[in-house]
Amino acid sequence: MMTRRKQTQFQLALMLILQFVSLQTTTVGAFQSSPTGPNNPSSPAHQMVATTSGFDTTESSSEDASTIDFPPPLSPIQRTARALKFYKQVLPVLGAYKVKEFELELRRKQLKQEISEEEEASIWKEIDEWGSARVADTIQDMKGFYVKTGQVISTRVDLFPEAYTSKLQDLQDGLDPMPFALVKKVVEQELLDGAPLSELFATFEEEPLGAASIAQVHKATLLDGRVVAVKLQRPNVEPKLLGDVANLKRISKALADNLPVDYYTVFCELGDALNNELNFLAEAQAMRKIDLAISHDEQGQPTQRAVSIPLPIGELVSKRVLVMDFVEGVPLNKLKQRMKEKGIEEGTPEAKLAGRRILDSLSLAFGRMIFGAGFLHGDPHPGNIFIGEGGKVSLIDCGQFKALPRPQRVRLAEVVLAVADYQDAAALVAAEQNASSDSVAKMTACKDRLATLVQDFGVTVAEENQYDTDLWCSIGLFLFGNADQRLPGNGKYSANELDDNSPIKLVTSFPQELVLLGRATVLLKGIAKKLEVPFSLADKWGPGCALTLEAASEPTLPLWGKETAINGGEVSVSSPTETPTDAEKIRFLQVMRVLKTWGKGKGRRFLERVVRRLPPNLKAQVLEAELRRQERKEREMKENMRVSRQ
């Protein structure tokens, strides 16, 4: 098994290897970007050399400039310079781990010294603190695609030392902001054709609400009094991001036969996603589609929103600036700190109930996106999840998204239900002291079916593993199973993706469409771990998957292709073939649904206010009873699902 120390080394080594080898490929073609070579004054290579530092990565704050220039893509030499800089900064971190590992081994084996667990833990903690600070500073400095990697690492408290996850957590929304003079110029140029901000905004706060890898957000008030959020793109971020991805695509394709996973497919999908994320016009359209997706069930029927989505304000949007609804709340990555400020300690019933509500909302929303509308938010990291009063969840930053065609949704639904069937069968065998032959036969049949479905989805493994049903089944369980689910094969495979025995390491390629979906499932599992909430995607998505299979016999018009109406905050769709009587019935049902939703919300808020005012001892007892009630309800739902699938 790979220890957490080994996991940290593995991640750093992988980043270094990809960057190091990319130097070999980018340098070869460094002077091929222009037919006349580096001596051509107009070539990108010559323009780069003409600057004092190689290439300019600063964000200009000049107030005299009449327009803001958005730089072109990086040249091969510029990409090489970025890779060299990263390599220079992070290599000493990996080296420190290896040197200390060698030193400890020498003390034990050669010098016969006893090293206590406390002493070793102290040694590694010191290196973790130094190494994580250096890696975080490097990513903060270089930005680009490195920030995306750091964001994912920050959610994986189950894989990386606390020093890394805590320091990289700031990458969710805590990057250095652009100066306001630059912000002002970008907004005026993109939305107002150079006119002053006062032509559109009554107020515009200079201090940003958050500064992320691609953009930063400011609070403002329109001339009509509406409070909004204004998102604007960093002028120099596009060439950095696309240059980093180009490096990774080139090397992963050149070394496809020597890498354990089809990284080329991964980076192609992420590259496409980044192109969308860099275009705020596409994001505005995605916001509307995702809002429709989360406000309808898997059969396309209107229902209460699982989470809130900020929507664009009219047509106040350009490729690089987006004006949208303002969202109140605190980012998920800062929720623990806010709860502590309110006197809510980790592990208490109140904290567990809050975690359950958040994760239930997110899993319901993603279930509807994937298996209902087939339009997916692809970047649910903790900085993009806001928690408001009463645990209300908002999902922001819809720049990364993915459409899933109906056949893919059907196959995914079949895989998720097969995962649930296998887990039920495996649990039954584990519960029996001497498992009956019928129970074992059922578990084997469930394993074979899951393995076949994963294979049919387009995942491939090495030729020597083609007939290993344990491996195929383990891949499905890794993606959609319980976090603590034991994988088949009598310990041959590990659910830890960085372990030497992880089934994901034996995958040679997988469908490009699964990349963002896989990222979403991994991030959801990471959030569950961070909130200390038991979580199973198969259990949460099972009912929706069943509805998907029921409604999947024929293609249907997508939600955003139907006539849309907004009533009382609820979005509904209607068919042009409806008769007046049908329309009246639908309107009546919509009104009743809105009243029911309003009543439930008012009742819940009233109860929350009552509970908050109870004496501490009584409050703890009430919350403990509510937690037990929810756990009991969850077990009953799981049992009902299991019975319905039989």
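Side-chain atoms are counted along with the backbone in the values below, which use heavy atoms only and exclude waters and symmetry mates. Nothing here was measured: the structure is a model prediction, and the numbers come from that model.
Phe204 and Phe180 have tilted rings, their planes meeting at an angle from 30° to 60° on a 0 to 90° scale.
Taken from CZ in Phe201 to NZ in Lys219, the straight-line distance is 14.0 Å, to the nearest 0.5 Å. Between Ile294 atom CD1 and Gln304 atom CD the span is 10.0 Å, to the nearest 0.5 Å. To the nearest 0.5 Å, the span separating OG1 on Thr548 from CD1 on Ile370 amounts to 10.0 Å. Here the straight-line distance linking atom OG of Ser132 with atom CG of Leu168 works out to 7.5 Å at 0.5 Å rounding. Atom CG of Leu362 sits about 13.0 Å away from atom CZ of Arg357, to the nearest 0.5 Å. The CD1 atom of Ile139 lies 13.0 Å from the CZ atom of Arg134; values are rounded to the nearest 0.5 Å.
Taking the side chain as every heavy atom from C-beta outward, Leu232 and Arg320 never approach each other to under 4.5 Å. When side chains are defined from C-beta on, Asp379 does not count as touching Phe401, because their heavy atoms never get closer than 4.5 Å. No side-chain heavy atom of Phe326 sits less than 4.5 Å from a side-chain heavy atom of Pro310. The shortest distance between side-chain heavy atoms of Phe371 and Leu547 does not fall below 4.5 Å. You'll find the side chain of Asn276 stays beyond 4.5 Å of the side chain of Glu283, heavy atoms only. Counting heavy atoms from C-beta on, the side chains of Ser122 and Lys125 never come closer than 4.5 Å. Between Gln301 and His296 the shortest side-chain heavy-atom distance does not fall below 4.5 Å. By the 4.5 Å heavy-atom criterion applied to side chains, Val317 and Val323 are not counted as neighbours.
Considering every non-hydrogen atom in both Cys398 and Ile309, the closest pair reads SG-CG2, 4.1 Å. Taking each heavy atom of Val217 and Ala229 in turn, the nearest pair found is CG1-CB, 3.8 Å. In this structure, Asp297 and Thr303 approach most closely via the heavy-atom pair N-CG2, 3.8 Å. Closest of all the heavy-atom pairs between Ser361 and Val393 is CB-CG2, 3.9 Å. Of all heavy-atom pairs between Gln216 and Ala211, the closest is CB-CA, 3.7 Å. Pairing each heavy atom of Leu479 with each of Leu537, the nearest pair is O-CD1, 3.6 Å.
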Fill in: From CA spacing to verdict: side chain to side chain contact (heavy atoms under 4.5 Å, CB included), Thr521, Phe480
CA-CA 7 Å; Thr521 61; Phe480 302 110; 4.0 Å; yes
Worksheet item: Step by step, would you call Val228 with Asp325 a side chain to side chain contact (heavy atoms under 4.5 Å, CB included)?
Response: CA-CA 5 Å; Val228 296; Asp325 296 331; over 6 Å; no
Worksheet entry | Working for side chain to side chain contact (heavy atoms under 4.5 Å, CB included), residues Leu395 and Phe366 | CA-CA 11 Å; Leu395 193 57; Phe366 275 88; 4.1 Å; yes
Discussion item. Between Lys392 and Ile387, does the side chain to side chain contact (heavy atoms under 4.5 Å, CB included) criterion hold? Intermediate values first, please.
Written reply: CA-CA 6 Å; Lys392 181 182 177 182; Ile387 312 301; over 6 Å; no
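Counted within 6.0 Å of CD on Glu315, heavy atoms from surrounding residues, nucleotides or ligands total 12 or fewer; the atom is thus considered open. Residue Lys340 qualifies as open at atom NZ: its count of foreign heavy atoms under 6.0 Å is 12 or below. The environment of Lys336 atom NZ is dense: over 12 non-hydrogen atoms of other residues, nucleotides or ligands sit within 6.0 angstrom. The local environment of NZ in Lys352 is sparse, with at most 12 non-hydrogen atoms from other residues, nucleotides or ligands closer than 6.0 Å.
With ring centers used as reference points, Trp560 lies under 6.0 Å from Phe375.
A side-chain donor-acceptor contact under 3.5 Å links Trp541 to the backbone of Ser363. Side-chain N or O atoms of Gln233 include none that pairs as donor or acceptor with a backbone N or O of Ile214 at under 3.5 Å. Formation of a donor-acceptor pair under 3.5 Å by the His377 side chain with backbone atoms of Asp397 is found in this model.
Salt-bridge formation is not detected for the pair Lys184/Glu206: no Lys NZ or Arg NE/NH1/NH2 atom is positioned less than 4.0 Å from an Asp or Glu carboxylate oxygen. Using a 4.0 Å cut-off between charged nitrogen and carboxylate oxygen, Lys167 and Glu129 count as a salt-bridge pair. Ion pair Asp291/Arg305 flagged as a salt bridge, since at least one NZ, NE, NH1 or NH2 atom sits closer than 4.0 Å to an Asp/Glu carboxylate oxygen.
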